[in-house]
A.B. asks: 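This is the structure I want to talk about, given as structure tokens.
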Amino acid sequence: MVEEGNVEAGTKVVEAKGLCYCFWGPINWLKMLAKETHWSFVFGVVSVYGISQGLGGALARVGTEYYMKDVQKVQPSESQVYSGIISIPWIVKPIWGLLTDVVSIRGYRRRPYFILSGLLGLVSMLLISLHSKLHLVFALFALTAGSAGVAIADVTVDACVAQNSISHPSLAADMQSLCTLMSAIGALVGFSISGVFVHLIGPKGVFGLLTIPSALVFSVGIVLSEPHVPNFAYKEVSQKFIDAGKAMWTTLKCPEVWRPCLYMYLSFALSLNINEGLFYWYTDSKDGPSFSQESIGYIFSIGAVGAILGAILYQNKLKDEPFRDLLFWIQLFYGLEGMLDLMLVLRINMKFGIPDYLFVMIGEAATQLIWRLKWMPLLVLTAKLCPSGIEGTFFALLMSIDNIGLLSSSWGGGLLLHLLNVTRTKFENLWLAILIRNILRLSPLGILFLVPRGDPTCSILPTEMLSSKDEIEAETEAEELKNIELVSLVNSVDGR
């Protein structure tokens, strides 16, 4: 009896410690990072990844959907094209990265770009929220400027992460975990409250709220701890751009590089994006299920949960699988999963007694889970294609190729909706658009031969591109403050 009592007491102590760790563990972890890297760096990561990209990105997505539909009153095909235009600043991320690496402003490489990013967001969001009848062209310009502000902040904080990873190599994984965690939590919270705020204050009011993340990014530029480097050699800037461009072009001409790049572009471009047509149908009171603003926000939040589950599944079960085998099954399931949208639009779910709201949430969670499973091995493959010395900038270049594929997907989807005459009130051919999209999602299976057969542990680049890696890393560590290597752009796993 005494032994049983001791066991029960010990179990209670362990449970109490476990509960305390769940609460104090993350706090102590953040304190440790703040102590080792400086509190302003942690503040910058939380502000950019958690507040600006995560929470702000979720609010901006839902706010923009309703702004185009209810305020500007554009057709779904037009809204699809405009969403692609707004994403253009993310395509030119290598330019922002090169600027933060080689162009110092008043002796600082990072702080001025945070300030510029914050100002872009503040001015653009205030313009949209305060102007009563803003013309579509100016609204599109403001939204694109706001997107540019977020993209510049993303590139700059990635540069800070890369720089701290060099000076604190033992904390590199912790810093990446912090970025991913903040982005995921921010997106989940943002989508959960987005529909409520759109209902209470309207889409223009939501844009007004987005000035808060921009102000936080601006404040990061004020408080960030960064060494001052006077007497910057501006005459060398053009030469550095030329050298980086030559190195990237030489690498792109290598078959081991351009073949996977071509696959990544085509796999994104051929998976047409018709989300705007589905959104208009979701909120239509005649032909669609007529979801409220709150319901739309909750649906997207379930999608954020699916994305998190996809990342966990990949990390624990699939990260060591060969690229070609894994992408085959993921692309196959991606095409089959699209049939859920077809079943919804054709009302097949009602025949099985499944409510629209539940069916849409299941579909959104499955879509985001599979999308994340597709995205993460491509991120790993992209990292494996980066040569020594220009890893960061070349990584950003390859990610831009992926973003061009997403832009092509968005514009191609808009064209498909236009050709099938899917409008604000006509959805008779929406099922056909979904069917065509699903068939095209399967087409990348025919070009999988472009993807290397190896797994993430195998080397893909030729030996000559990797031979000088140790020398470059040693040189970088010795002369870090004098000549920071172009490794600033480490892309986040979240998203947009």
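All residue numbers refer to positions in the sequence shown, counting from 1. It should be emphasised that the depicted structure is a prediction, and the values quoted were computed from it without experimental measurement.
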A.B. asks: Do the side chain of S409 and the main chain of N273 share a donor and acceptor less than 3.5 angstrom apart?
C.D. replies: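 Flag set: sc S409 to bb N273 pair under 3.5 Å.
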A.B. asks: With a 6.0 Å cut-off on ring centres, are F268 and W371 close enough?
C.D. replies: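 They qualify: ring centres under 6.0 Å apart.
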A.B. asks: Tell me whether the NZ or CZ atom of K426 lies within the 45° cone about the ring axis of Y280 and under 6.0 Å from its centre.
C.D. replies: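 No, K426 and Y280 do not form such a contact.
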A.B. asks: Measure across S77 and L417 and return the closest heavy-atom pair with its distance rounded to 0.1 Å.
C.D. replies: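 Heavy-atom minimum between the residues: CB-CB, 4.0 Å.
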A.B. asks: Once salt bridge (charged side-chain N to carboxylate O under 4.0 Å, His left out) is applied, what residue pairs with a partner in residues 323-340 remain, sequence neighbours excluded?
C.D. replies: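 Matches after skipping sequence neighbours: E337-R441.
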A.B. asks: If we only count heavy atoms from C-beta on, is the K286 to F427 side-chain gap below 4.5 Å?
C.D. replies: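 No, every pair of side-chain atoms sits at 4.5 Å or beyond.
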A.B. asks: So do the side chains of P377 and L327 get within less than 4.5 Å of each other, counting heavy atoms only?
C.D. replies: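 Answer yes - side chains close enough.
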A.B. asks: Sub-3.5 Å donor-acceptor pair from the side chain of S147 to the main-chain atoms of I86, do we have one?
C.D. replies: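 Judged by distance alone, yes, a pair lies under 3.5 Å.
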A.B. asks: Please determine whether the number of non-hydrogen atoms from other residues, nucleotides or ligands lying under 6.0 Å from atom CZ of F333 exceeds 12.
C.D. replies: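 No - once you tally the heavy atoms of other residues, nucleotides and ligands closer than 6.0 Å, there are 12 at most.
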A.B. asks: Decide side-chain contact (heavy atoms from CB on, under 4.5 Å) for V62 and F197; before the verdict, give the C-alpha distance in whole Å, the side-chain angles of both, and the deciding distance to 0.1 Å.
C.D. replies: CA-CA 10 Å; V62 178; F197 278 110; over 6 Å; no
A.B. asks: side-chain contact (heavy atoms from CB on, under 4.5 Å) for M339 and L435? Distances and angles first, verdict last.
C.D. replies: CA-CA 8 Å; M339 293 300 175; L435 183 60; 4.2 Å; yes
A.B. asks: Within the structure provided, determine whether K73 and R424 are in side-chain contact (heavy-atom separation under 4.5 Å).
C.D. replies: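 When only atoms from C-beta onward are counted, R424 and K73 do touch, with a gap below 4.5 Å.
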A.B. asks: Grab the two heavy atoms, one from S295 and one from Y357, that are nearest each other, plus how far apart they are.
C.D. replies: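 Answer, listing the atom of S295 first, then Y357: CB-CE1, 3.7 Å.
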A.B. asks: Between G56 and L210, what is the shortest heavy-atom contact and its length?
C.D. replies: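 That closest heavy-atom pairing would be O-CD2, 3.5 Å.
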A.B. asks: May I ask you to check whether over 12 heavy atoms, not counting those of F449, lie within 6.0 Å of atom CZ?
C.D. replies: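 For F449, atom CZ is crowded (more than 12 foreign heavy atoms under 6.0 Å).
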A.B. asks: About how many Å separate CE of M376 and NZ of K319, when rounded to the nearest 0.5 Å?
C.D. replies: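 Answer for the NZ-CE pair, K319 versus M376, is 10.0 Å.
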A.B. asks: Of all heavy-atom pairs between V422 and P76, which one has the smallest distance, and what is that distance?
C.D. replies: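 Closest approach of V422 to P76: O-CG, 3.4 Å.
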A.B. asks: How long is the gap from CD1 on I299 to CZ on F291, to the nearest 0.5 Å?
C.D. replies: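 So the gap between those two atoms works out to 4.5 Å.
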A.B. asks: Quick one: CD1 on I274 to CZ on R437, what's the gap to the nearest 0.5 Å?
C.D. replies: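 It comes to 4.5 Å.
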A.B. asks: Can you establish whether the number of heavy atoms outside R453 located under 6.0 Å from its atom CZ is more than 12?
C.D. replies: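 No, the 6.0 Å shell around CZ holds no more than 12 heavy atoms from other groups.
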A.B. asks: Quick one: does V150's side chain get under 4.5 Å of V217's, heavy atoms only?
C.D. replies: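 The answer is no; the side chains never approach within 4.5 Å.
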A.B. asks: Could you check whether any side-chain N or O of Q368 sits under 3.5 Å from a backbone N or O of G306, counting only pairs where one atom can act as donor and the other as acceptor?
C.D. replies: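 Here the side-chain-to-backbone pair does not exist.
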A.B. asks: I'd like to know if the side chain of N403 reaches the main chain of W90, judged simply by a donor and an acceptor atom lying under 3.5 Å from each other, with no hydrogens or angles considered.
C.D. replies: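 Present.
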A.B. asks: Can you name the residues that form a side chain to side chain donor-acceptor pair (under 3.5 Å) with E65, not counting sequence neighbours?
C.D. replies: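 Here no residue qualifies.
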A.B. asks: Judged by atom type as modelled, is there a donor-acceptor pair below 3.5 Å linking the side chain of K204 to the main-chain atoms of S132?
C.D. replies: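 The answer is yes, because a donor-acceptor pair under 3.5 Å joins these two groups.
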A.B. asks: Are D154 and Y49 close enough that some pair of their side-chain heavy atoms sits under 4.5 Å apart?
C.D. replies: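 Heavy-atom side-chain distance check passes, below 4.5 Å.
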A.B. asks: Report the distance from atom CZ of R372 to atom CD1 of I330, rounding to the nearest 0.5 Å.
C.D. replies: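 One finds 12.0 Å between CZ of R372 and CD1 of I330.
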A.B. asks: Would you mind reporting whether P444 and L266 have side-chain heavy atoms less than 4.5 Å apart?
C.D. replies: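 No, side chains not in contact.
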A.B. asks: Checking the side chain of S271 only, and the main-chain atoms of S267 only, is there a donor and an acceptor separated by less than 3.5 Å?
C.D. replies: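 Side chain of S271 to backbone of S267, a donor-acceptor pair under 3.5 Å: yes, one is there.
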A.B. asks: Would the Y66 and F279 ring centres measure less than 6.0 Å apart?
C.D. replies: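 Yes, the ring of Y66 comes within the 6.0 Å limit of the ring of F279, centre to centre.
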A.B. asks: Between M68 and L143, is any pair of side-chain heavy atoms under 4.5 Å apart?
C.D. replies: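 Side-chain contact under 4.5 Å: yes.
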A.B. asks: With ring centroids as reference points, do Y265 and W258 lie under 6.0 angstrom apart?
C.D. replies: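 No, ring centres 6.0 Å or more apart.
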A.B. asks: Which atom names give the shortest non-hydrogen contact between F114 and A153, and what distance separates them?
C.D. replies: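 Scanning both residues completely, I find the closest heavy atoms to be CE2-O, 3.9 Å.
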A.B. asks: Does any N or O in the side chain of R259 come within less than 3.5 Å of the main-chain N or O of P452, such that one atom is a donor and the other an acceptor?
C.D. replies: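 Absent.
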A.B. asks: Would you say the side chain of N275 lies within less than 4.5 Å of the side chain of S83, judging by non-hydrogen atoms?
C.D. replies: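 No, their side chains stay 4.5 Å or more apart.
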A.B. asks: Could you report the tightest heavy-atom contact between E321 and L326, atom names first, then the distance?
C.D. replies: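 The pair with the smallest heavy-atom distance is CB-CB, 4.2 Å.
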A.B. asks: Atom CD1 in I185, atom CD1 in I51: separation rounded to 0.5 Å?
C.D. replies: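 Answer for the CD1-CD1 pair, I185 versus I51, is 10.0 Å.
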A.B. asks: So with a 6.0 Å cut-off around CZ of F141, is the heavy-atom count from everything else above 12?
C.D. replies: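 No, because the 6.0 Å sphere around CZ of F141 holds 12 heavy atoms or fewer from other groups.
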A.B. asks: Could you measure the distance from the CG atom of L127 to the OG1 atom of T211? Nearest 0.5 Å is fine.
C.D. replies: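 OG1 of T211 is found 13.0 Å from CG of L127.
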A.B. asks: Say whether, by atom type as modelled, one donor and one acceptor occur between the side chain of S301 and the main chain of Y298 under 3.5 angstrom.
C.D. replies: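 Present.
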A.B. asks: Okay, side chain of N429, backbone of L420: is any donor-acceptor separation there less than 3.5 Å?
C.D. replies: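 Indeed, once roles are kept as given, a pair shorter than 3.5 Å links the two residues.
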A.B. asks: Walk me through it: do M264 and L450 pass the test side-chain contact (heavy atoms from CB on, under 4.5 Å)?
C.D. replies: CA-CA 9 Å; M264 287 188 282; L450 296 172; over 6 Å; no
A.B. asks: Looking at K317 and Y314, would you say the former's side chain and the latter's main chain have a donor-acceptor pair under 3.5 Å?
C.D. replies: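 Such a contact is absent between K317 side chain and Y314 backbone.
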A.B. asks: Could you walk me through whether L344 and W281 pass the side-chain contact (heavy atoms from CB on, under 4.5 Å) test, one step at a time?
C.D. replies: CA-CA 11 Å; L344 179 69; W281 182 80; 3.7 Å; yes
